[in-house]
Amino acid sequence: MLFQNALIENSETLSDIRVSDGVFDEILPKAEPLPGEETVDLKGKLVLPPFIESHVHLDACLTAGDPVWNMSGTLFEGIECWSKRKDKLTESDIRERVNRCVRLYAQNGVQHIRTHVDVTDPELTALRTLIALREEMKDVAEIQIVAFPQEGILSYPNGKQLMRDAVALGADCVGAIPHFEFTREYSVESLNFALQLAAENGRLVDVHCDEIDDEASRGLETVAARALELGLFDKVTASHTTAMHSYNNAYVLRLMRLLKMSRINFVANPLVNTHLQGRADTYPKRRGITRVKELLQEGINVSFGHDDIFDPWYPMGNGSLRDVVFMGLHVCQMMGYEEIMNSYRLITQNAAKTLHISERYGIKQGLPANFIVLDAKNWYDALNRNAPVLRSVRGGKTIAETTPGQSKVLV
Ligand code: 17E
Ligand code: FE2
């Protein structure tokens, strides 16, 4: 099959993309159709590698208000609301919601999802269900699962064993939540345990790290030190790190050296953390987003995630990573021309590094023919006009299509 007239990744010149047996066969300025070859005219639209959701909680998706709404808008009330919902979790309930949510992502051009799944549940119901769905839904999206101890590892009954069980059942990544543990000692011990568990079992790491407006929350330095010492390096990701917003600059200067040496990845969730953070402030109110611009300037990998789709922590969410980038550029003050133009990387190539899939991701000869087509000429245009994803192609097959609406001015 030949996809003609694509503008690949902000290129100003057209390309044709030949796909054979589900793989990118040739990418050329101009290719003649072979006898009998099917052609699709992409009409000079923007083509990107598929969007990657590098941080979401699929087990909790689409549960906002059930059984109670989060009235304060804090992370901690969200955890209490979720704990009530967790009591009613069943396999069929999780299946139905995750199916709807992954399809919502598919409409928006997302083909890879890293989901945190709460394992502070003696039955591990959500984890077992997500592991089954990871296989069943692989034609829609590639799902990566983090064993996420929402209520702590040391501060939850049998927490360490639940983490070990989750890894034995097949979780791809090990999580932790140092800022939620009862004490600083527990916080450090939970991180030592989590990174050691990952190292012993050949898994990735993704820690909910310092998601609090407390400048004394310093799980990050422990994560980075262990990533370096255990040789895990870029297999490790620190998510949220919102306390870094509040760290003093002298400490950040010292920390940055370790962060670079450790080569860990960062995920920021700009929609959700501008909503959850600053809740104990009067005025001025902190934005509570990590130092994205400064990390990128130091050559450290950062991706952006949605975090929530209509759940106890966030009462909105539509599966559009464009909205995540749009918010992130505003709140991180990254509105220079190049910053806007290249910001799709936060939800494509940078997220691929976070998921540790870079070597099999991208629009390159020989790789799986996965790509999306946006109703725009480049990313700046797509972002500014909220252009729909016209088509999502996975393994050479179109798995989602959108027909844009039309509006007219009548005067
Ligand atoms: N759980 C958590 O600890 N932090 C979050 N941002 C979400 C769930 C969404
Ligand atoms: Fe999260």
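Order of appearance sets the numbers: ligands from 1, and atoms from 1 within every ligand.
Taking the six-membered ring where the residue is Trp, Tyr251 and Tyr247 present perpendicular rings, their angle passing 60° and hence far from 30°. Below 30°, between 30° and 60°, or above 60°: for Trp69 and Phe310 the angle between ring planes is above 60°, a perpendicular geometry.
Of the options Asp121, Asp93, Asp118, Asp311, a salt bridge (Lys or Arg N to Asp or Glu O under 4.0 Å) to Arg85 is made by Asp93 and by none of the others.
Remark: His275 pairs with Tyr314 by the ring-ring contact (aromatic ring centres under 6.0 Å, His included) rule, at least two apart or across chains.
Applying the ring pair (Phe, Tyr, Trp, His ring centres under 6.0 Å) test to residues at least two apart or on different chains, none of the pairs has a partner in residues 209-234.
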- Message: Would Phe266 and Leu220 count as a side-chain contact (heavy atoms from CB on, under 4.5 Å) here? Give the steps.
- Response: CA-CA 10 Å; Phe266 284 76; Leu220 178 57; 3.9 Å; yes
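Near the Fe ion (ligand 2), less than 2.8 Å away, sit the protein N, O or S atoms His55 NE2, His57 NE2, His208 NE2, His240 NE2, Asp307 OD1.
Taking the six-membered ring wherever Trp is involved, the centroid distance between the rings of His240 and His245 does not fall below 6.0 Å. Between Phe51 and Tyr105, a ring centre-to-centre spacing not shorter than 6.0 Å is recorded. Between His208 and Phe180, the gap from one ring centroid to the other reaches at least 6.0 Å.
Residues lining ligand 1 at a heavy-atom distance below 4.0 Å are given as His57, Leu75, Phe148, Gln150, Ile177, His208, Glu211, His240, Leu276, Asp307, Asp308, Trp313, ordered by chain and residue number.
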